[in-house]
Each structure stands twice: as structure tokens, then as C-alpha cells.
Amino acid sequence: MHMFNLLKNQNNRKFYKIIDQVNNFSNLLYKYSDNELKKLTNKIKIKIANNENESEILIESFGTAKEAIRRALGLHLFDVQILGGLILNEGKIAEMKTGEGKTLVAILPSYLNTLQGKNVHIITVNDYLAKRDSELVKKVYKYLDISVGLIQQSMNSKERKQEYNKDITYITNNELGFDYLRDNMAINIHDIVQSKLDFAIIDEVDSILIDEARTPLIISGPSEAPINKYIISYDISKTLYKNIDYEIDEKARNIILTDQGILKCENILNTNNLYSLNNPWIQYILNALKAKELFLMNVHYIVKKQEIIIVDEFTGRIMEGRRWSDGLHQAIEAKEKVEIKPENQTLASITYQNLFLLYRKLSGMTGTAKTEETELDKIYSLEVQEIPTNKKCKRKDLADLVYKTEYNKWKAIANECYDMYTLGRPTLIGTTNVEKSEFLAKILDEFNIPYNLLNAKPENIAREAEIITQAGRKSAITISTNMAGRGTDIILGGNPYIMTKIVLCNYILDIFHLNKTYNSKSVESNIKTQLNKITTKDIKTNLNIEHYIEEEINSVSNHKEKNNKIQNIYLEILKEYKILFNKEKQEILKLGGLHVIGTERHESRRIDNQLKGRAGRQGDIGSSRFFLSLEDNLLRIFGGEKIVNLMQTLNIDDDTPIESTILTKSLNSAQKKVEAYFYDVRKQLFEYDEVINNQRQAIYSERRRILKSKFTRDCILEYGESTIDEILNLYKNEKTTKGKIILIQKIKQLLSINDKFLTNDILNMKIEEVKHFLYEQLIITYDLRESYMEQLRPGLIRQLEKYYLLQQIDKAWQEHLEKMVILRESIGWRSYGQQDPLIEYKNEGFQMFINMVTYIRQTVVYLTMRSRLIVKPE
Ligand code: ADP
Ligand code: MG
């Protein structure tokens with residue numbers, strides 16, 4: 001009822017009708033045999049090939065998938081899940097709350113789109129989720145004859161290629177991006193692993209397209225950084241005076257050199273162009289000045305063991321291992337007189353924005369996207385559609401409690417944890433970073449409250465997901481940073497499936513005396529009886545127990561394996577736990593369900609909502625409360641003067657939370673300021689990367705053409721002809737004979753044409769004749785070169801051609817990337833306050849790109865025309 005009302009409200013009768021039809025079709029399939037069901041895959045494919053009625057195809061494929069899900073998992077898809085599937089299929093974002101069953105939703109559009117012949121990629125935030133979800137859906141697709149691939153970080157390129165070739169592939173955003181970049185650095189066509197980017201469904205889409213989109217993906221290699229430049233620039237920065245040689249823009253954290261400053265630097269350096277792209281100094285000087293004026297020790301960074309370590313200004317967290325980019329880190333190292341570590345040279349890079357825009361069709365799902373609707377639409381052209389929950393959400397979001405000091409806030413949080421613990425209500429506490437979660441953990445230790453602590457470190461993700469599944473058990477207290485356990489929902493009373501697996505696993509490890517911590521007393525007696533049935537003989541030794549159990553449990557009970565003992569025991573225990581956990585769930589529901597505590601407003605409302613959304617899953621009762629203090633970073637940095645005044649005038653007891661409308665308003669506006677700030681950062685990154693993106697596409701497609709080509713001779717001749725054209729263009733416009741002669745010499749040298757042809761002859765020809773003459777010479781010279789090389793070693797010339805082509809493209813492109821960084825930096829300063837730097841960046845970047853392409857052609861032709869030596873291939 002609830003959903004239909006919402007659907008009608010949204011004027012979505014169209015969907016309502018389709019959902020009905022999907023359900024009806026699916027019901028018809030009930031009596032089909034497994035084999036008959038499987039045959040539908042081919043039937044629908046044929047319908048698609050025959051261009052039959054599209055909406056019929058949609059209904060049939062969704063209905064078929066729904067029935068397969070029922071058979072494989074025993075679950076009946078909810079209508080809202082079908083609605084979600086329809087939205088994804090339309091290339092939009094489906095906002096569906098946590099626990100609504102998005103993993104299964106993705107199956108519907110995946111199935112249809114793969115039937116349509118598209119490559120389908122399901123993108124997740126981590127390896128664990130990719131594996132978990134692919135294993136789940138594999139069971140469903142078995143009924144449909146569709147292959148499922150999975151790519152994990154540890155896989156080599158052969159395995160990757162194989163997995164990409166499956167109908168539907170599960171992969172993380174990170175692996176996808178790096179595979180894309182690596183493919184475009186491949187030297188051999190067979191090394192390319194990725195297939196076409198047709199259709200992607202991004203799970204937790206806000207996290208990938210927004211949170212992760214702040215930093216680009218980069219493949220880098222070592223470079224020869226001019227270490228002395230940092231030191232010289234540091235010395236120079238000491239001789240420059242504020243407001244005379246340079247000015248500081250505090251707000252934008254920028255520094256500009258004045259004309260006088262520029263002159264002074266040029267004099268010291270004995271150069272006439274500080275901005276030269278070939279021997280650039282400007283960014284070294286500016287970085288040195290930034291290090292001098294804007295980056296302060298113990299505020300923005302600390303020095304620990306001769307290393308500069310960044311302090312995150314917003315969270316106050318130490319960011320071990322991270323480095324400021326574009327030479328700033330080195331400038332600070334020079335200032336602090338610690339070892340200057342060379343920069344890595346970017347070999348290839350792309351932003352997530354531009355990576356995902358490569359898909360012909362893109363869609364996504366998450367519990368929280370609506371607040372970022374504008375950005376998703378502007379940058380990705382993705383519309384966000386809210387899907388109503390299957391059951392009405394009964395969570396109570398309680399009013400914020402604001403304390404005067406951080407200390408009092410944490411005290412209040414610990415008290416609340418204590419209350420919940422004694423009451424028996426499961427509680428999840430979200431923190432903004434690891435330090436804070438550890439801080440709270442210490443307080444809870446003092447209170448003697450048991451808890452689980454999760455911090456979203458990649459190595460803990462799998463274990464954390466297990467903890468999260470049990471975070472809904474009675475009296476469970478779970479402290480977690482905001483990313484930890486994302487993608488796993490908290491089930492009140494606990495998750496019997498995972499629990500059974502854990503118990504089974506521990507018990508088996510115990511049998512082998514591998515796991516001393518196993519405590520059989522904690523297991524209910526029936527379950528214990530079941531476990532005792534397992535003997536050492538039942539288990540194949542020396543293997544990965546978890547993997548083994550997984551396989552045993554999931555093995556489809558075909559006739560041969562009717563007596564799968566482990567599976568039987570698993571099912572018995574599962575039955576017990578289901579009863580047990582359900583009882584516990586009822587108890588917890590009476591107590592008020594899961595309680596969520598926020599310890600700080602996050603950098604966007606979206607992340608707050610994500611945290612709150614943990615409670616009240618599938619119509620469960622639950623609550624959330626945020627504890628804040630006037631000393632929180634959000635208020636401190638973005639709160640403005642009002643808050644400072646408020647703090648000074650407030651004259652109340654520290655333990656009493658403050659209620660004030662001014663405060664609530666300030667909080668909201670501070671949070672919006674932070675949201676806007678980060679949006680700006682991403683937008684700028686996107687706009688600047690867009691310039692490079694067009695160039696990248698051009699270079700990558702040229703590269704791909706060469707890689708694929710079996711006859712690169714055409715490519716070389718084409719480059720030769722273009723080069724001739726380019727130089728003749730100059731020739732045409734050249735007034736003086738002397739200038740013309742220089743140009744002819746240049747062509748002759750380039751094409752390695754013998755001097756016996758008189759330059760004078762050319763001078764007397766019409767331009768068209770010159771062109772034809774040179775084209776002819778190009779072919780003649782190349783034929784000669786080719787037959788000479790063929791004598792040395794047959795086939796060598798083709799190898800050489802490809803080698804030169806790829807090598808020169810890659811080298812030039814990498815240098816170009818570096819120059820673009822310098823350009824971006826320097827252009828910002830040059831045109832400050834006059835023209836839109838982005839436009840200048842575009843124009844100059846374009847010119848540089850043209851120059852690079854010309855340069856590539858010329859060098860390739862030059863090198864191939866001159867290849868004499870036998871280059872040992874490999
Ligand atoms: P989300 O990604 O939306 O947070 P999941 O896909 O992780 O949710 O699913 C959460 C839980 O709901 C899983 O245990 C799943 O098996 C269960 N679930 C999904 N769809 C259904 C359904 N139609 N009926 C019953 N349980 C379902
Ligand atoms: Mg999910």
C-alpha cells in the first residue's frame with residue numbers, strides 16, 4: 001500500500017503498470033522446469049535480434065530474472081526493487097536506502113543489458129564487496145546461463161582479461177581505472193585486458209563519483225627531480241619581501257609575484273623568462289614562498305623522524321604517507337632541511353569523472369544521493385530518482401545535542417553508550433576518523449563497556465563486514481569510521497548466515513588445533529551437538545578452511561553429492577541460529593531497535609544521512625542522535641564569528657547541552673559551506689581534466705590504432721606526408737628565399753633525402769608540384785630503407801615501426817602531461833585577476849598539444865628513416 005501511494009504521488013503510473021506486468025510474467029514461470037527457464041535467455045536474445053517490442057523484452061527479461069532469484073535464493077523481489085531496476089536501466093541513479101536489497105536490484109538491468117549484447121560492469125567500492133556480490137549473483141545467473149566475472153586486486157592480466165570477457169563483471173572503481181590506464185600503455189595488443197565500456201552500474205555511487213572523485217587516478221614512475229632547484233628556490237624565497245616582491249591571498253591560499261619580484265628572481269637566476277616551459281622556475285619559487293608563508297609547522301604539517309607529515313586541516317588527522325603534489329612537499333622539505341624526496345613522474349592519469357563518462361550508458365545506486373543531485377547531474381548527466389522504501393521507515397532522528405566543549409561531548413556520548421548497553425540496545429557510533437574512534441574506545445574501556453572498533457583500513461574490510469553483520473545483536477556496541485562496513489547492512493538480532501559460517505569455521509580450525517581462541521561454551525547446546533558430528537576425516541586437510549566451507553555450503557546438491565555432511569550440518573546450525581536470532585530481534589525491537597550515534601557533523605549532509613540510514617532498515621524501529629560541540633572542526637573552521645561570540649557569552653554549565661536556533665542555523669550553513677567548498681574542488685579538477693581528457697582520447701585512440709594495425713608502414717608514410725604538409729604550409733607563407741631554403745633543408749633532412757636533388761629545382765616548382773615530388777621521394781626513400789632492412793632481417797622493419805611509434809607517442813604524452821601541470825600552475829599566477837585562467841589553460845594547452853603531435857610525427861619519421869643498426873628485439 002505504502003509504495004503504491006508513493007508511486008501515484010510521483011505520477012509514476014507508467015512504472016506501476018510495468019511492475020505489474022513483470023510480476024505477472026514472473027508468476028507464469030513458476031511451473032517452468034529449470035531447463036525451460038534457462039532457455040528463456042536465448043529466446044529473449046532472439047527477440048532482441050529481431051527488433052521485437054521493446055517493452056515486452058523489458059518485461060520478460062525482468063520477470064525471468066525475478067524468477068531466477070526466487071529459485072536460487074528463495075527471495076521474492078519487492079516491487080520497489082523492480083522499480084529500482086527500471087531506473088537503473090534508464091541510466092539513472094536509484095536512491096534506495098540501506099538494506100533495501102540493491103545487490104539483487106542490479107541483476108534486473110544487468111541481465112537485460114547483457115542480453116542486448118552489452119558488456120556490463122558492476123562497480124563496487126572494495127574487493128570484498130565485489131567478491132561477495134559476484135558470488136551471490138552467480139547463484140542466480142546459473143539459472144540463466146549467464147557468466148559472471150570478478151576482478152580482484154591480486155589478479156594478473158591474463159586472469160583479468162578472462163574475467164572481463166564474461167557477460168557481467170564485478171570490479172572495484174580502482175581496478176577499473178588502473179586497467180584502463182595500463183591498457184593504454186600496452187606495447188602489445190594482446191596485453192590489453194579491458195573490453196568495451198558499454199554499461200556500468202555503480203554501487204554506492206555517491207562514494208565513488210563524489211567522495212573518491214577529489215583525487216585523480218595516477219600511474220607514476222620515478223623521475224629525475226631537480227633537487228637543487230628546490231634548495232635554490234628556498235634560498236631565493238628568503239630574499240623576497242612580502243607586499244613588495246610578492247603578495248599573499250590568504251583566503252585562496254595563493255601567492256602572486258609582483259613585477260618587481262619577477263624581475264628580482266630573473267636577475268638572481270640569470271634567466272629572462274621565469275615562466276619558460278622548458279626550464280621552468282616559477283612553480284619552484286612559488287612553492288618555496290608558499291612553504292615560507294602559508295604552510296606552518298605543527299599546524300599544516302609535523303616533522304617526524306626527518307619526514308614532513310601532512311596534518312588534515314579539517315579533521316586534524318595526521319596523514320601518514322600522503323604527500324602534497326606538484327612540488328609543494330619538496331619545497332617544504334627544503335625549508336625544513338630534511339631529505340628532499342624526488343617527485344614521481346605521472347605516466348598516465350585520469351579522473352573518475354572522465355573515466356566513467358567513457359561508458360556509453362551509466363547508472364548507479366546508493367542510499368544517499370539526493371543531496372548531491374546537482375553535481376551528479378552537471379558532471380555526469382545522471383538523474384537521481386528516489387525509490388520509496390519497501391516498508392515505511394520508522395526511525396526516529398532525535399534533535400542534535402550541542403555541548404560547549406569537546407570533552408563534555410565525548411563524556412555525554414560515553415554515557416549514552418553506557419545507557420544503551422545496559423538497556424541491551426545495539427548501538428553504532430560513527431566517528432570522522434581513526435584517532436577519534438580510538439579515543440572513544442579508551443573511554444569505553446574505562447566504563448568497562450565491551451565494543452567492536454572498525455576503522456575501514458583496506459586490510460580489515462572483510463573482517464569488518466562480518467562485525468557489521470553482527471552489530472545488530474543485543475547490547476552490541478560498535479564504533480566505526482564513516483566508510484567502515486559500507487555496503488553491509490546491520491540486521492537486528494544478528495545475521496544467522498554469517499554467524500553459522502563463523503562458528504563452523506572456528507570449530508573446524510579448533511579440530512586442527514589451529515585456533516586456540518575458540519570457545520565452545522558460548523555456543524548453544526544444540527548447535528554444539530551438530531558441530532560435534534564433524535570429524536577430522538570429514539575435512540580435507542591443508543587448505544584454506546574458509547574457502548573450503550564456502551564451497552561445501554554452496555555446492556549445489558546434485559545427485560552425486562547427496563551426502564554433503566558439512567552442508568547438512570551447516571543447514572542444521574543455520575536453522576538453530578535463525579530461531580535464536582529471530583527471538584533476539586523481537587526482543588531488540590521491543591527495546592527500540594538499533595541506535596545510531598553521530599559524534600560530529602560530517603563534511604556533507606550526505607554522509608550524516610548514510611550513518612543515520614544504518615538504523616531503521618526494512619521498516620524496523622530505530623533511532624539516531626548527533627552529539628556535537630562548539631569546538632568541533634566544522635564550527636571552528638566554517639562557523640564564523642557568530643559562533644565565537646556565542647562561545648564567549650554562553651554562561652551555562654558545561655554538561656548541559658545547548659539549544660539555540662542560531663546554533664542550528666550556523667551548523668547547517670557551516671556544513672553547506674563545506675559541501676560547496678569540496679564541490680568546487682571537484683568541479684575545478686573536472687574542468688581542468690576535461691581539457692586534457694579530449695587530448696587523452698585522441699592520443700589513446702591513435703595509439704590503439706597503431707597497436708591494432710598489422711601494417712604500420714601506412715602509418716609511417718601518413719606521418720611523413722603530414723609532416724611534409726606542415727612544413728610546406730610554412731614554406732608557402734615564407735617570403736624570403738633564404739627562409740625557404742632552410743625549410744627545404746629541413747624536409748630533406750627529415751626524410752633523409754640525398755642532397756643530389758638540387759634545392760634550386762624545388763624553388764622553381766609550384767607548391768603542388770613540390771608536394772607531389774616530396775611525397776614521391778618519401779615513398780622511394782622508404783622503399784629503399786625497407787628493402788635494406790629486409791635484407792638484414794625479414795620483418796624487422798614492421799617491429800621497428802611499431803616500436804618507434806608507440807615509444808615516441810608515450811614519451812611525448814608523458815612530457816606533455818608534465819608540461820600541462822606546469823602550465824596550469826603558472827597560468828593561474830600569470831593571468832591573475834584578468835582573464836579566466838581556465839580559458840587560457842584551454843588555449844595554451846591546445847597549442848601545446850598540436851605542437852606535441854607535430855613533434856611525434858617528425859621524430860617517428862626521422863627515426864625510422866635512419867634506423868640502421870640491427871636493434872635486438874628484446
Ligand atoms: P543494500 O545494498 O540495499 O543495503 P543488500 O543488497 O545488501 O542491501 O541486501 C540486504 C539484505 O536484504 C540481504 O541480506 C538480502 O539477502 C536481503 N534481501 C534483499 N532483497 C530481499 C527480498 N526481496 N526479500 C527478502 N530479503 C531480501
Ligand atoms: Mg549494497
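Scope of the values below: all heavy atoms of this structure, side chains included, with no hydrogens, waters or symmetry mates. Each ligand, and each atom within it, is numbered from 1 in the order the structure gives. Since we're looking at a predicted model, the values are computed, not measured.
Looking at Lys97 against ligand 1, only its backbone comes within 4.0 Å, counting heavy atoms. Of the heavy atoms in Arg617, only side-chain atoms (C-beta onward) come closer than 4.0 Å to ligand 1. Contacts of Asp489 with ligand 1, taken as heavy-atom pairs under 4.0 Å, involve the side chain alone. At a heavy-atom distance under 4.0 Å, atoms from both the backbone and the side chain of Thr103 approach ligand 1.
Heavy-atom distances between Met96 and ligand 1 stay at or above 4.0 Å for every pair. The shortest separation from a heavy atom of Met365 to ligand 1 is not under 4.0 Å, leaving the residue out of contact.
Ring-plane geometry between Tyr577 and Phe581 is classed as tilted, the angle between the planes lying from 30 to 60 degrees on a 0 to 90 degree scale. Aromatic ring orientation, Tyr111 versus Tyr141: tilted (interplanar angle from 30° to 60°).
Ranking protein heavy atoms by distance to atom 8 (O) of ligand 1, first place goes to Gly101 N, 3.2 Å. What sits closest to atom 20 (N) of ligand 1 on the protein, heavy atoms only, is Gln81 NE2, 3.0 Å. Closest to atom 22 (C) of ligand 1 among all protein heavy atoms lies Phe78 CE1, 3.4 Å.
Not a single protein heavy atom sits closer than 4.0 Å to atom 17 (C) of ligand 1. For atom 25 (C) of ligand 1, the nearest protein heavy atom is under 4.0 Å away. When distances from atom 10 (C) of ligand 1 to the protein are checked, a heavy atom turns up under 4.0 Å.
Residues that satisfy the side-chain contact (heavy atoms from CB on, under 4.5 Å) test with Thr469, not counting sequence neighbours, are Thr488, Asn495, Ile498.
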